[in-house]
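Just so it is clear, the model here is predicted, and its values are computed rather than measured. Numbering of ligands and ligand atoms starts at 1, following listing order.
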Amino acid sequence: MAAPGARTPEPEYMDDRAEADAYAAADFSSVNAAFAERLAELAAAVGEAEALDLGTGPADIPIRVARLKPGWRITAADASAAMLDIARRNVDAAGLRGRIVLVHSDAKRMELPSAAYDVVFSNSIIHHITDTHALWSEVARVAKPGALIFFRDLARPASPAAARAIVDAYAGAESAVLQEEYYRSLLSSYTIEEVRAQLAKAGLRGLTVAMATDRHLDVFGRVEP
Ligand SMILES: C[S@@+](CC[C@H](N)C(=O)[O-])C[C@H]1O[C@@H](n2cnc3c(N)ncnc32)[C@H](O)[C@@H]1O
């Protein structure tokens, strides 16, 4: 397989209201359910926990996780005020205001305490971020020693043509806007080798980086002290 071409970054925050509304209106139920189930599987032994979700978007994932893990309190952070407005409505409608705390925060510089979280998880934030060292350093700072980490994101395909083929195969029925967004996200994502190097640079040891599907990578494991 050819080595992937250079990354083409997409905008970091999804703070445009129309973009946030379009994202929230799209049906990600099966991928979000798969994420929550995989996290619950990884965290089968974790009963009570302080958990942190980075780049929570409309908060559909923490809502699903809260239902699967009744002993968890989840801090759900996003840097986009538009997304947080949607997330607040969804958390209220789910009746989970007491267990999911929404915070307006950039994952690269969070005003959150150090060594405070038993679980840190995130779906689809890595590809938004160019300064990944700041992201992973913050994860290392806020995670308790031995904390469970689970990040899932797209993995950059070998070429723009390969990215286009993935869009056609998995999002061919979506609107043109969502297809274009998906294509840009694929080109903005990282390879597993790049993510492994990012973790090593940030001193995050004990984590596995592996392909989860033909287009997703997972970062998971327990942070070694
Ligand atoms: C593709 S969405 C994923 C949302 C959610 N995790 C999900 O899977 O449904 C990415 C989210 O990350 C947020 N985001 C991007 N960069 C961020 C950063 N540096 N700090 C916090 N949130 C960020 C965006 O605003 C957006 O809401």
Can you sort out which atoms of ligand 1 are near A79, meaning under 4.0 Å from one of its heavy atoms? 20 (N), 21 (C), 22 (N)
What is the nearest protein non-hydrogen atom to atom 12 (O) of ligand 1, stated with its residue, atom name and distance? G55 CA, 3.5 Å
Test of proximity, P58 against ligand 1: N or O pairs below 3.5 Å: no
Pairs of nitrogen or oxygen atoms closer than 3.5 Å, one from A77 and one from ligand 1: do any exist? no
Atoms of ligand 1 close to I61 [distance to a heavy atom under 4.0 angstrom, numbered from 1]: 8 (O)
Using a strict 4.0 Å cut-off to heavy atoms of S80, name the atoms of ligand 1 that fall inside it. 25 (O)
Identify the closest protein heavy atom to atom 3 (C) of ligand 1: which residue and atom is it, and at what distance? Y23 OH, 3.3 Å
Enumerated ligand 1 atoms positioned under 4.0 Å from heavy atoms of M83: 27 (O)
Near I129 (heavy-atom distance under 4.0 Å), the atoms of ligand 1 are 19 (N)
Over all heavy atoms of both residues, which pair between A87 and G57 is shortest? Give the atoms and the distance, please. CB-O, 3.4 Å
Counting each atom of ligand 1 from 1 as listed, which ones have a heavy atom of A107 under 4.0 Å away? 18 (C), 19 (N), 20 (N), 21 (C)
Numbered atoms and elements of ligand 1 in range of S124, under 4.0 angstrom, heavy atoms: 1 (C), 3 (C), 10 (C)
With atoms numbered from 1 as shown, which atoms in ligand 1 lie under 4.0 angstrom from a non-hydrogen atom of D106? 18 (C), 19 (N), 20 (N)
Is ligand 1 less than 4.0 angstrom away from at least one heavy atom of A59? no
